[in-house]
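First up is the structure itself, then whatever we jot down about it.
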Amino acid sequence: MIVGMLTAMPTAALPPTPQATPATRERGDACPGALRLHAADDGALARVRLPGGVLTLGQAAALGRVARRLGDGDLHLTSRGNVQLRGLAAGCGGELAEALDAAGLLPSREHERVRNIVASPLSGLDGEGVRDVRPWLTALDAALCGSDAARGLSGRFLFALDDGRGDVAGLGADVTVRAIRDGAAWLTPGSVRVAVDDAPLAALVAAETFLQAARSHTAHTWRVSELPLPEGELDRLIRDRLTAAGIAHDEGPEPVGSADGPAPGVVGEALSAHVPLGRLSALQWEALTMVADTELRLTPWRGVVVPTVAATAARVSESLERLRAAGLVTDPASPWLRVGACIGRPGCAKAHADVRADVARTLEATGRPALPLYWSGCARRCGHPSGEHVDVLATPEGGYRLSVAPAGGETRTASAADPSRMGAALAAIIS
């Protein structure tokens with residue numbers, strides 16, 4: 001039995017956190033999709049892009065059937081509101097593509113990996129925000145699928161459509177459109193205001209301008225943050241392209257303010273549920289579809305929003321209880337809201353630990369931490385959040401190393417050789 005211990009660790013002893021701007025990329029983008037599967041230790045993996053996280057009930061049912069028939073039966077939510085299917089059988093690619101196509105989830109096979117769009121999930125449902133972004137979402141997805149140039153985007157390039165509340169604007173997207181109160185929209189990069197009706201096309205123009213600029217560099221460039229241009233140069237190029245496309249734009253104050261993702265429970269005319277570690281069992285998926293009237297909205301915070309626009313108070317209460325009984329988080333005070341993890345063992349050969357099992361075992365000991373915790377099975381830290389959080393990293397020799405870099409402070413680190421001592425390790429680095 002491993003004896004737990006806590007020791008202060010010098011920062012240099014930790015494997016480096018991934019940098020926002022890698023110096024070079026030596027290969028092309030191998031990001032998985034619905035047609036390009038990834039071989040994992042637990043079988044093949046498919047990533048199904050769902051712009052805005054929106055699924056009709058028919059599409060949700062189709063995804064559930066595919067997961068049960070071809071995969072491990074579960075649906076795995078990503079930090080972009082997409083769905084991963086894991087444990088897929090070898091040679092099932094054709095059957096998978098046919099099923100997704102029949103459900104309307106493959107509007108363009110040439111663009112299926114680049115349809116990465118997050119959108120404010122409560123838009124139009126809670127009275128917050130400046131405008132409903134659903135028209136933007138529909139228009140941008142159609143424009144993206146209709147652009148020959150957009151096929152060159154990497155599977156990691158991200159669009160964000162923010163209804164003005166500032167939730168998805170803080171997710172580090174490559175192109176963000178945010179509604180502002182004077183009836184316009186703010187475009188980043190470009191740092192300009194455009195008319196509301198021009199916003200989706202302006203977002204596409206920004207992405208195509210990035211592609212054109214990236215082609216002038218020999219290294220593979222997947223994200224805007226990796227583009228080696230002088231400060232302000234990409235903004236200038238985008239403004240020139242907007243003018244050439246006939247899209248009027250002007251300068252103005254950049255919108256400020258931010259918001260968190262939807263809290264669990266009843267929110268406006270919707271139910272919100274958090275999915276522990278983003279993994280939905282077949283029974284949980286069925287519970288969600290049973291309480292929904294028209295659609296599901298998967299969130300970038302590994303949650304699900306169920307619109308309840310026409311539901312009675314009694315129906316809403318009954319539906320919330322059904323989700324809670326299925327094991328979904330409906331309590332805004334739950335510690336699960338502050339915990340995330342990669343897939344870990346046994347699904348990933350590179351992982352040094354079964355991080356998800358360790359999360360479940362230590363959740364009571366850690367309680368609701370002051371900062372979010374993200375557990376990673378190896379130094380790649382797949383799926384880690386971009387904001388301030390405690391980095392919990394499995395080590396090759398066993399146990400975990402923790403690190404946190406508070407805003408304006410120095411990085412603090414600790415080690416827990418026994419996961420049961422995680423609560424004490426957190427106390428050592430969070431004040």
Side-chain angles (χ1 to χ4, degrees), residues 50-61 63-64 75 77 80-83 117-141 160-171 177-181 183 185 196 199 257-275 278 280 284-334 336-337:
L50 306 172
V54 177
L55 279 167
T56 66
L57 291 187
Q59 291 171 333
L63 270 180
L75 293 106
L77 307 189
R80 294 180 167 192
N82 295 321
V83 163
I117 309 172
V118 294
S120 299
L122 287 173
S123 191
L125 296 174
D126 66 346
E128 301 294 330
V130 176
R131 63 179 296 109
D132 188 343
V133 298
R134 180 59 67 85
W136 283 355
L137 178 60
T138 304
L140 176 57
D141 190 32
L161 303 178
D162 193 296
D163 69 358
R165 74 185 68 207
D167 53 355
V168 298
L171 296 181
V177 176
R178 180 170 176 173
I180 49 182
R181 295 197 178 276
V196 165
S258 61
D260 295 327
V266 180
V267 188
E269 294 183 297
L271 295 177
S272 173
H274 179 74
V275 182
L280 282 159
Q284 290 172 329
W285 191 245
E286 182 181 9
L288 285 163
T289 58
M290 290 291 290
V291 304
D293 290 326
T294 57
E295 68 181 24
L296 301 177
R297 301 184 185 184
L298 311 184
T299 81
W301 300 274
R302 294 183 173 88
V304 184
V305 166
V306 183
T308 59
V309 176
T312 64
R315 168 84 185 278
V316 169
S317 179
E318 177 187 343
S319 298
L320 193 65
E321 175 57 26
R322 176 174 286 186
L323 297 181
R324 186 202 65 75
L328 297 172
V329 175
T330 59
D331 178 4
S334 170
W336 278 114
L337 300 176

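Computation of the quantities below employed the complete heavy-atom set of this structure, encompassing side-chain atoms and omitting hydrogens, waters and symmetry-equivalent molecules.
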*Please report the closest heavy-atom contact between D167 and P121, naming both atoms and the distance.*
OD2-CD, 3.6 Å

*Close side-chain approach of P264 and L337, heavy atoms under 4.5 Å*: yes

*Between the side chain of R302 and the main-chain N/O of V275, is any donor-acceptor distance below 3.5 Å?*
no

*Evaluate whether atom CG of D260 has more than 12 neighbouring non-hydrogen atoms of other residues, nucleotides or ligands under 6.0 angstrom away.*
no

*Step by step, would you call L171 with W301 a side-chain contact (heavy atoms from CB on, under 4.5 Å)?*
CA-CA 10 Å; L171 296 181; W301 300 274; 4.2 Å; yes

*Is there a donor-acceptor pair closer than 3.5 Å between any side-chain N or O of S123 and the backbone N or O of R131?*
yes

_Set of residues satisfying side-chain hydrogen bond (donor to acceptor under 3.5 Å, both in side chains) with respect to R165, sequence neighbours excluded_ = D126, D163

_Passing option when T330 is tested against H274, R324, E321 for side-chain contact (heavy atoms from CB on, under 4.5 Å)_ = R324

*side chain to side chain contact (heavy atoms under 4.5 Å, CB included) against A139, all qualifying residues, sequence neighbours excluded*: P200

*Please name all residues satisfying side chain to side chain contact (heavy atoms under 4.5 Å, CB included) with V266, sequence neighbours left out, ordered by chain then number.*
L271, V316, L320

*Would you say S272's side chain and G265's backbone share a donor-acceptor pair under 3.5 angstrom?*
no

*Sort and list the pairs that fulfil side chain to side chain donor-acceptor pair (under 3.5 Å) and have at least one residue in residues 288-298, not counting sequence neighbours.*
R134-E295, D293-R315, E295-R297

Under 3.5 Å, side-chain donor or acceptor atoms of residues 50-60 against the rest of the protein: list the pairs with distances, not counting sequence neighbours.
from: T56; atom 1: OG1; to: Q59; atom 2: N; distance (Å): 3.1
from: T56; atom 1: OG1; to: Q59; atom 2: OE1; distance (Å): 3.4
from: Q59; atom 1: OE1; to: T56; atom 2: N; distance (Å): 3.1
from: Q59; atom 1: NE2; to: A103; atom 2: O; distance (Å): 3.2

*Under the salt bridge (charged side-chain N to carboxylate O under 4.0 Å, His left out) rule, collect the residues that match up with R322, sequence neighbours excluded.*
none

*By side chain to side chain contact (heavy atoms under 4.5 Å, CB included) - contacts of V130 (at least two apart)*: A179, R181

*Is the side chain of S334 donor-acceptor paired with the backbone N or O of V329 at a distance under 3.5 Å, no angle test?*
no

_W136 (side chain) donor-acceptor with V196 (main chain) under 3.5 angstrom_ = yes

_Trace of the side-chain contact (heavy atoms from CB on, under 4.5 Å) decision for L298 with N82_ = CA-CA 7 Å; L298 311 184; N82 295 321; over 6 Å; no

*asked:* Going by the rule side chain to side chain contact (heavy atoms under 4.5 Å, CB included), which residues pair with A169 if we only count those two or more places apart in sequence or in a different chain?
replied: D162, T176, R178

*asked:* Within this structure, what is the CG-CG distance for the pair L280 and L328, rounded to the nearest 0.5 Å?
replied: 6.0 Å

*About how many Å separate CG of L137 and CD1 of I117, when rounded to the nearest 0.5 Å?*
5.5 Å

